[in-house]
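Let me begin by presenting the structure, written as structure tokens, before commenting on it.
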Amino acid sequence: MSEPVAEQSAPTLEAVVAETTTDGFGLFTDRSVVAMRVDGELRDLAHRVEPGTRVEPVTIGSPDGLAILRHSAAHVLAQAVQSINPEAKLGIGPPVTDGFYYDFDVASPFTTDDFAALSKAMERIVRQGQRFIRRVVTEDEARAELASEPYKLELIGLKGAAADGADGESVEVGGAELTIYDNVDPKTGEVHWKDLCRGPHLPNTRMIGNGWALMRVAAAYWRGSEKNPQLQRIYGTAWPSKDELREYRSRLEEAAKRDHRKLGVELDLFSFPDEIGSGLSVFHPKGGIIRAEIENYMRQRLLENGYELVYSPHITKGQLFETSGHLQWYEEGMFPAMHLDEERDAEGNITKQGQNYYLKPMNCPFHNLIFRARGRSYRELPLRLAEFGTVYRYEKSGTLSGLTRVRGLTQDDAHIYVTPDQVKAEVASQLEFVLETLRGYGLDDFYLELSTKNPDKYVGEDDVWEQATETLREVATESGLELVADPGGAAFYGPKISVQARDAIGRTWQLSTVQLDFNQPERFELEYAASDGSRQRPIMIHRALLGSIERFFAILLEHYAGAFPAWLSPVQVVGIPVAEEYAPYLQEVIDRLRAQGVRAELDRSDDRMQKKIRNHTMQKVPYQLIAGEEDRAKGAVSFRFRDGTQVNGVPVDEVVARITGAISSRSAEL
RNA sequence: GCCCCGUUAGCUCAGCUGGUAGAGCAGCUGUCUUGUAAACAGCAGGUCGCAGGUUCGAAUCCUGUACGGGGCUCCA
């Protein structure tokens with residue numbers, strides 16, 4: 001999830017054209033060059049190039065170079081593991097964002113206690129400067145050499161299919177030919193270790209340097225499938241230098257510091273009481289204010305933009321979700337049914353059929369019923385129904401995480417019913433509305449993702465999909481934002497555009513989605529009367545802007561690291577008298593602010609001034625107003641802002657104007 | 001759901017190889033309160049997540065369970 005702010009790029013080195021038959025060592029003397037690109041393919045520096053071939057250098061700091069570094073580090077890890085535990089069977093070991101992992105089948109799982117010994121073994125291998133030597137093998141040779149590695153044998157068997165397989169597998173066997181990399185002792189020429197691998201690799205292990213560390217252990221299913229055995233995975237990180245490793249670690253620390261789960265406790269915003277159940281949150285008063293402000297602003301924006309607000313219940317008879325299809329497709333994601341109203345006689349025979357009621361996992365079916373409650377005319381379209389709908393989903397216990405993934409969540413959900421020729425204009429204005437609203441909450445760095453048809457799983461006509469997808473693509477392109485393709489990522493009922501936002505420390509979150517639905521209008525037999533009097537089927541657009549309010553709350557909390565803009569802050573102003581004597585004077589100032597709707601409090605506790613400043617600074621209150629004799633004499637107060645800066649002797653009128661101005665403008669500036 | 005790890009006072013944590021718990025902050029009480037990130041003193045607070053088991057004896061070992069964390073899978 002954490003994107004490095006900027007991958008360190010070494011000075012650009014120019015591509016060269018080989019004059020004689022040579023290799024990368026002959027072409028590039030710069031020590032930051034660790035591999036090269038020949039005809040678009042990444043190659044080891046030892047690869048022979050013919051005269052006239054154009055060769056691009058790959059430096060260790062480039063994205064390709066980092067991946068090679070990390071992949072080489074993964075090999076060293078695997079060698080270290082097998083040196084300590086020769087029984088460990090190898091899975092796969094690819095580079096990933098910020099690091100690498102390697103999977104092993106071992107009798108007893110690793111723990112972080114193993115890291116000291118493993119790191120030491122890795123260090124020894126790195127210092128030996130073992131060379132990575134590439135060797136092409138036939139399938140039979142590979143099978144013979146790797147006879148004791150069942151998972152590698154399986155990969156060899158998969159080789160044909162691996163070209164379009166998962167990334168991790170293609171790292172092992174993705175090339176045109178099968179290759180093994182030998183780790184060779186530079187002094188003795190002895191082969192210490194080998195692995196089936198596509199490469200390329202660093203020329204030798206010494207170049208891994210000391211910018212790496214083992215990070216954590218985890219279990220992972222072989223080839224990503226729950227049906228396969230679980231392997232033990234070790235994650236590591238690797239960087240060109242120790243300094244970059246240190247920077248990476250401080251980025252992790254920064255992210256940990258703004259973790260919403262931690263801030264939620266520190267700022268007393270929300271909790272997950274065990275008594276309620278896993279994934280079910282309660283918002284405390286301070287979190288409640290922030291949430292109410294988020295919702296109020298959203299509601300205001302909805303009303304300004306032609307939405308109508310609706311409400312629907314949390315439970316419903318199962319029939320509704322049979323009509324919508326959710327019970328067929330989504331039942332395992334729903335809380336189980338409550339079976340109600342059944343009656344039996346003394347013999348236990350059913351005298352009255354019961355009903356299954358379900359907690360709703362989605363709001364759309366209810367909105368469809370509102371649409372269908374009476375005849376609809378084309379004149380009413382687009383019809384935009386919006387609701388803060390609380391839904392319940394029985395997420396697998398292992399997937400729950402703070403407020404970002406829960407079992408009870410409130411969607412700012414809306415369903416828009418349009419005629420086919422309104423789709424484009426509506427989607428375009430939705431996108432505009434979405435981006436503008438998100439900017440209002442202080443997020444302004446976006447890109448879009450277009451999820452298109454999964455050919456194995458969809459309903460509806462191909463040409464309708466085609467056309468709708470094209471419409472979404474046009475709208476996305478016209479927005480001018482970066483557009484990323486997500487082929488096959490669409491739900492079965494229609495394509496979608498999603499808005500991805502980058503937060504203050506560069507992480508990206510999927511927020512809003514605008515999703516077309518060709519399926520539910522069918523299933524609910526939704527119709528409107530067209531201008532010629534015929535009955536037509538509307539197209540439905542699902543649109544969630546904040547996604548889930550709980551999750552959006554968490555994203556904002558992390559984005560601002562708890563230091564919300566004034567309009568969202570639970571306590572906006574706190575008054576701190578220099579001594580008790582000035583409390584009544586400050587109280588008047590506080591009262592004036594409260595009269596303007598500002599959440600202002602006077603701190604009359606018997607702590608000293610310095611302590612109060614510390615407390616409210618830690619609570620991230622935007623404005624502290626301090627007053628002593630000097631201020632009282634002038635009818636003024638002293639401002640202390642959250643960042644520690646201050647302005648003394650500000651007249652009270654000015655204070656009120658400045659604070660109310662910052663709040664009503666929803667400014668991020670104080 | 002699966003694997004590993006964790007759960008001790010409101011919070012952050014200590015408690016070695018089994019001999020029935022400790023600190024700082026927060027809280028309460030008192031004495032204080034003059035200029036920008038921690039006044040001083042005292043008090044109170046825990047059946048060590050819960051339920052079983054082993055043991056003369058369990059916070060400590062074992063089993064189960066709830067909740068949390070890191071991953072895998074999932075996210076229609």
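These numbers come from a predicted model, not from an experiment. Residue numbers start from 1 in every chain, and the chains themselves are labelled A, B, ... in the order their sequence lines are given, proteins ahead of strands.
In a base pair of the Watson-Crick type (N1 to N3 plus N6-O4 or O6-N4) or a G-U wobble (N1-O2 and O6-N3), with each distance short of 3.5 Å, B:C2 is matched with B:G71. In this structure B:G49 sits in a base pair with B:U65, meeting the Watson-Crick or G-U test at under 3.5 Å. With a cut-off of 3.5 Å on both Watson-Crick or G-U wobble distances, the partner of B:G42 is given as B:C28. B:A23 and B:U12 make up a base pair, with Watson-Crick or G-U wobble contacts both under 3.5 Å. Within the shown strands, nothing qualifies as a pairing partner of B:G18 under the Watson-Crick or G-U definition with both distances less than 3.5 Å.
Here A:R216 lies in heavy-atom contact (under 4.0 Å) with sugar-phosphate atoms only. Residue-level contact check: A:G279 touches the backbone only, with heavy atoms under 4.0 Å from sugar-phosphate atoms and none from bases. Contacts of A:G333 with the nucleic acid, taken as non-hydrogen atoms under 4.0 Å apart, are absent. Using a 4.0 Å heavy-atom distance criterion, A:A219 is classed as a base contact. The residue A:R261 sits close only to the backbone: its heavy atoms come under 4.0 Å of sugar-phosphate atoms, none of a base. Looking at heavy-atom distances under 4.0 Å, A:H326 makes contact with a base. Across all strands shown, A:Q610 has heavy atoms under 4.0 Å from sugar-phosphate atoms exclusively, and none from any base.
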Output side-chain donor-acceptor pairs under 3.5 Å for residues 576-588 of chain A, partner residues at least two apart or in another chain, one line each.
residue: A:E581; atom: OE2; partner: A:R632; partner atom: NH2; Å: 2.7
residue: A:Y582; atom: OH; partner: A:E629; partner atom: OE1; Å: 3.2
residue: A:Y585; atom: OH; partner: A:A636; partner atom: N; Å: 2.9
residue: A:Y585; atom: OH; partner: A:A636; partner atom: O; Å: 2.7
residue: A:Q587; atom: NE2; partner: A:D591; partner atom: OD1; Å: 3.0

Determine all donor-acceptor pairs shorter than 3.5 Å in which one atom belongs to a side chain in residues 264-275 of chain A; sequence neighbours excluded.
residue: A:E266; atom: OE2; partner: A:K262; partner atom: NZ; Å: 3.0
residue: A:D268; atom: OD1; partner: A:H284; partner atom: ND1; Å: 2.8
residue: A:S271; atom: OG; partner: A:H284; partner atom: NE2; Å: 2.7

Please tabulate, for side-chain N and O atoms in residues 399-406 of chain A, each donor-acceptor pair with protein atoms closer than 3.5 Å (sequence neighbours left out).
residue: A:T399; atom: OG1; partner: A:K396; partner atom: O; Å: 2.8
residue: A:T404; atom: OG1; partner: A:S401; partner atom: O; Å: 3.0
residue: A:R405; atom: NH2; partner: A:E395; partner atom: OE1; Å: 2.8

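What separates CG of A:D603 from C1' of B:U36 is a distance of 14 Å, to the nearest Å. Summarising the geometry, the separation between CG on A:L252 and P on B:G71 is reported as 10 Å, rounded to the nearest angstrom. We find that CZ of A:F104 is positioned 16 Å from C1' of B:C72, with the value rounded to whole Å. Atom-to-atom, OH of A:Y221 to C1' of B:C74 comes out at 10 Å; the value is rounded to the nearest Å. Between A:F641 atom CZ and B:A37 atom P there is a gap of 16 Å when expressed in whole angstrom units. Taking atom CD of residue A:Q500 and atom C1' of nucleotide B:C75, one finds them 14 Å apart after rounding to whole Å. The distance between atom CD of A:Q646 and atom P of B:G35, rounded to the nearest whole Å, is 14 Å. The NZ-P distance, from A:K257 to B:U12, rounds to 17 Å in whole Å.
In the interface, the side chain of A:S278 is not paired with the base of B:G68 through any donor and acceptor atom under 3.5 Å apart. Side-chain atoms of A:E226 and base atoms of B:C2 include no donor and acceptor less than 3.5 Å apart.
Rounded to whole Å, the separation between the P atoms of B:A21 and B:A59 comes to 8 Å. When the C1' atom is used for both B:A44 and B:C28, the distance is 7 Å, rounded to whole Å. The gap from the C1' atom of B:G70 to that of B:U33 amounts to 48 Å, rounded to the nearest Å.
For the side chain to side chain contact (heavy atoms under 4.5 Å, CB included) test, residues two or more places apart in sequence or in another chain that qualify with A:A337 are A:N356, A:Y358. For A:Q610, the side chain to side chain contact (heavy atoms under 4.5 Å, CB included) partners at least two apart in sequence or on another chain are A:R608. For A:L472, the side chain to side chain contact (heavy atoms under 4.5 Å, CB included) partners at least two apart in sequence or on another chain are A:V427, A:L450, A:P495, A:I497, A:L516. For A:S498, the side chain to side chain contact (heavy atoms under 4.5 Å, CB included) partners at least two apart in sequence or on another chain are A:E449, A:Q500, A:Q510, A:T513. Qualifying salt bridge (Lys or Arg N to Asp or Glu O under 4.0 Å) partners for A:K496, counting only residues two or more places apart in sequence or in other chains: none.
Remark: A:D412 engages A:R543 in a salt bridge, criterion side-chain N to carboxylate O under 4.0 Å. Salt-bridge formation is not detected for the pair A:R614/A:D607: no Lys NZ or Arg NE/NH1/NH2 atom is positioned less than 4.0 Å from an Asp or Glu carboxylate oxygen. One finds a salt bridge joining A:E387 and A:K360 here, because a Lys/Arg side-chain nitrogen approaches an Asp/Glu carboxylate oxygen to under 4.0 Å.
When distances are taken from the side chain of A:Y235 to each of B:C72, B:A37, B:G70, the shortest belongs to B:C72. Considering only the side chain of A:R614, B:A37 comes nearest among B:C4, B:G71, B:A37.
Between A:F110 and A:P361, the one whose closest nucleotide on RNA chain B sits nearer the 5' end is A:F110. Annotation: of the two residues near RNA chain B, A:S225 and A:Y330, the 5′-most nearest-nucleotide partner is A:S225.
Using cut-offs of 30° and 60° on the angle between ring planes, the pair A:Y248 and A:W239 is tilted.
Relative to the ring axis of A:Y560, A:R258 does not place its NZ or CZ within 45° and under 6.0 Å from the centre. Both the sub-6.0 Å distance and the 45° axial angle are satisfied by A:R233 relative to the ring of A:Y101.
Side-chain contact, A:N368 with A:Y417: a donor N or O sits under 3.5 Å from an acceptor N or O.
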Tabulate protein N/O versus nucleotide N/O from nucleotides 45-50 of chain B, keeping only pairs under 3.5 Å, one per line.
none

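Listed by residue number, the members of residues 395-417 of chain A with any heavy atom below 4.0 angstrom from RNA chain B are A:K396, A:S397, A:G398, A:T399, A:L400, A:G402, A:R405. For the contact set between residues 554-563 of chain A and RNA chain B, defined by any heavy atom under 4.0 Å, there are no members.
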Response to the item:
Expected string for nucleotides 23-34 of chain B under the B/S/- scheme (protein heavy atoms, under 4.0 Å, primed atoms plus P, OP1, OP2 as sugar-phosphate) is ---S-----BBB
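For B:U65, the base is anti relative to its sugar; the glycosidic angle deviates from 0 by more than 90°.
Ring pair A:W329/A:F492: centre-to-centre distance below 6.0 Å.
Under a 3.5 Å cut-off, the side chain of A:S324 and the backbone N or O of A:H326 do form a donor-acceptor pair.
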